[in-house]
Amino acid sequence: MADPWKEQDDAANALALVQQAAGPYLDSLPERLVHDSAQDPGIDDLGGPLPEQGDGTLAAVEELLAVGTRAAVHTAGPRFFHLVVGGATPAALAGDWITALLDQNSGLWVTSPLAARTETIVLGWLKDLFGLPQDFGGVLTPSATFANLTGLAAARYWWAERHGVDVVADGLTGLPRMPVLTSGLVHASTRKALQVLGCGRDTLRTFVRDDAGRLDLAALERALVELDGALAVIVGNLGEVNTGDSDPIADLADLAERYRAWLHVDGAFGLFAAVSPRTAHLARGVERADSITADGHKWLNVPQESGFSFVKDSSILGKTFGGWGAAYLPTLDDERISYNMHGPESSRRARAFPIWATLRAYGRSGYREMVERHLDVAAHLGRVVDEADDFELLAPVQLCVTCFRYRPPGVPAADLDSLNARLGQAILDDGRVYVGTTTYRGMTALRPTFVNWRITEPEADLLVRVIREIGPRL
Ligand SMILES: *Cc1c(COP(=O)(O)O)cnc(C)c1O
């Protein structure tokens, strides 16, 4: 009968199995398909009823490794351009293994001063990397969605307090709707955060001046005037997923100051514009925001479940998320920080370790180089499609996204949406490159995004070749 206590000696052997598989797996990434759907039936092997007698440590780990390394969507490789998905740098990947090895509960200081202090260290490094003042508060989150939730929860606390209500204790009952104003570049996760916070998803008002959803600053200001002194939250979007476009953050910061509004900036990947002098102007003003969202598992290239939230008033996270009133939990302590008092989670893994490892390994200049390489790849693809007569560039390339569509001569305009939708699916079925479709200004478009450290120009060129090979058959 398998029992972990009886198999203690296999712990290191099980890790050795993973380590042995890791080399060949990582070596295969440059060549293998991003996804080989012929391997998907193998996933069935993971099914069946709950085992009565377990297979034992090594057998179980071998099985998961065998299926996993074949059937995964190999986002870690250099040809996954779908959505905004980073890889894990070598140091971040190993840092994540250390997270698993040490298995720290990083919610409370008492369960891991190591994790808590490392979190404080990496938050400081990240603020430095993005040019944010060191006196901002912050917390690591599982994602940008959770960082939006964290920042907007802080905004809600601030807003309710100005209405004389302690929202932590009493909730939103009796309060008016919290006004939230933004542009059409807003990400769905901001709506989701408002939905979860009880503010209501449809609270969000967008002010747009064109069919790309770009901000109508004057209309947003008029709405602030009409609020007649009622406090509002402004959401600035730094890096939108279709094109990489951004709101004018500094202008929004001016409005927030003038109308005493809270400025929340969603820079899930766009905050990395601050890392290069070539794009830093896009992020200008973000240091004046009240709360800022970014992702670790996108452009920082650490493994999945990594985001961060920064908040200007460093006391407000503790007020928003601390003080649970459980007898066995500590109270807020500035010296010995329990990060579960600063964010929505309780128990949590030490997600500071992979961030520490990658920032220590590559530093500011390594990240600047990687970001600039991605800017170059996106711009290169933009030039290629712009100069070709079978492609149409749909938006200027500003960051790491190239938004375009396939438009071969002779195809009627009315057929282009369905052609590009079929093309998107055919590319995924082919599996050599992965790219997603979207609707942009009413058109079905491709929007490859380059944020994985392994990506270079030849991979973007392969995307063009694959489209020219598949496209004429559709
Ligand atoms: C990806 C993204 C999010 C959501 O991030 P998750 O990490 O997937 O939760 C939010 N905002 C923007 C702009 C994004 O690109």
Side-chain angles (χ1 to χ4, degrees), residues 30-31 33-35 77-85 184-185 208-214 239-246 269-270 273 278-279 282 371-452 454-474:
E31 297 305 325
L33 295 178
V34 178
H35 178 227
R79 283 169 281 108
F80 186 92
F81 317 135
H82 203 344
L83 305 162
V84 189
V85 177
L185 304 187
V208 304
R209 65 182 151 93
D210 62 19
D211 60 355
R214 284 186 294 173
E240 184 262 352
V241 292
N242 280 335
T243 67
D245 201 2
S246 298
F269 63 97
R278 287 164 49 185
T279 43
L282 299 172
V371 163
E372 292 185 345
R373 192 158 61 237
H374 292 145
L375 298 175
D376 288 340
V377 172
H380 164 74
L381 180 61
R383 275 192 305 277
V384 168
V385 302
D386 203 26
E387 286 163 8
D389 62 4
D390 51 349
F391 290 110
E392 182 184 6
L393 184 66
L394 295 179
V397 179
Q398 302 187 56
L399 269 177
C400 50
V401 189
T402 311
C403 183
F404 68 100
R405 63 176 175 172
Y406 182 48
R407 198 184 65 178
V411 175
D415 295 344
L416 287 174
D417 283 347
S418 100
L419 174 62
N420 279 276
R422 278 179 280 131
L423 176 64
Q425 187 55 51
I427 293 171
L428 299 186
D429 294 342
D430 177 84
R432 277 175 289 171
V433 291
Y434 244 52
V435 67
T437 55
T438 185
T439 303
Y440 177 65
R441 292 175 41 220
M443 295 171 278
T444 301
L446 304 167
R447 49 155 194 189
T449 303
F450 309 107
V451 290
N452 182 315
R454 289 179 184 267
I455 295 172
T456 57
E457 271 183 19
E459 287 85 24
D461 290 335
L462 177 64
L463 170 62
V464 170
R465 284 208 303 282
V466 168
I467 294 174
R468 286 190 172 139
E469 190 186 307
I470 294 177
R473 298 202 294 259
L474 295 169

F391 side chain reached by R468 side chain, heavy atoms, under 4.5 Å = yes
(message) Main chain of T444, side chain of D417: is a donor-acceptor contact present, judged purely on distance under 3.5 Å?
(response) yes
Taking D376 first and then R278, would you say they form a salt bridge - that is, a charged N and a carboxylate O separated by under 4.0 Å? yes
inquiry  = Strictly below 4.0 Å, N to O, side chains only: are R405 and E392 in salt-bridge contact?
reply    = yes
#### Entry: Donor-acceptor pair, side chain of T402 and main chain of A378, under 3.5 angstrom
yes
If the plane angle is over 60° it's perpendicular, under 30° parallel, otherwise tilted; pick one for H35 and Y434. perpendicular
*Can V401 and N242 be said to form a side-chain contact (heavy atoms from CB on, under 4.5 Å), step by step?*
CA-CA 7 Å; V401 189; N242 280 335; over 6 Å; no
Note: Y440 and A212 closest approach over all heavy atoms is OH-CB, 3.6 Å
**Asked** Ignoring hydrogens and geometry, is there a side-chain-to-backbone donor-acceptor pair from N452 to R79 under 3.5 Å?
**Response** no
task: Please tell me if the side chains of V34 and H82 come closer than 4.5 Å, counting only heavy atoms from C-beta onward.
output: no
Margin query: Are L423 and I470 packed together at the side-chain level, in the sense that at least one heavy-atom pair is separated by less than 4.5 angstrom?
Written below: yes
Here the gap from F404 atom CZ to T243 atom OG1, rounded to the nearest 0.5 Å, amounts to 14.0 Å
inquiry  = Keeping N420 on the side-chain end and A445 on the backbone end, is there a donor-acceptor pair under 3.5 Å?
reply    = no
Check whether any side-chain heavy atom of L381 sits under 4.5 Å from a side-chain heavy atom of F81, and report yes or no.
-> no
In this structure, OG1 of T437 is separated from CG of L428 (nearest 0.5 Å) by 8.0 Å
message = Contact between V433 and P448 at the side-chain level, heavy atoms closer than 4.5 Å - yes or no?
response = no
Here the pair of heavy atoms bringing A426 nearest to L474 is CB-CD2, 4.1 Å
In short, V208 meets G184 closest at the heavy-atom pair CG1-N, 3.4 Å
In this structure, CD of Q398 is separated from OG1 of T279 (nearest 0.5 Å) by 10.5 Å
message = Under a 3.5 Å distance rule, please check whether E459 uses its side chain to pair with a backbone N or O of T456 as donor and acceptor.
response = yes
Is any side-chain heavy atom of R383 closer than 4.5 Å to one of H380?
yes
Taken to the nearest 0.5 Å, the spacing of R441 CZ from L394 CG works out to 7.0 Å
Heavy-atom nearest pair, C400 first then V451, reads SG-CG1, 3.7 Å
ask   = Would you say L446 and I467 make side-chain contact, with heavy atoms under 4.5 Å?
value = yes
Donor-acceptor pair, side chain of S246 and main chain of G239, under 3.5 angstrom: yes
Worksheet item: Do the side chains of R447 and V241 get nearer than 4.5 Å, heavy atoms only?
Response: yes
For L416 and V411 the tightest heavy-atom approach is CD2-CG1, 3.9 Å
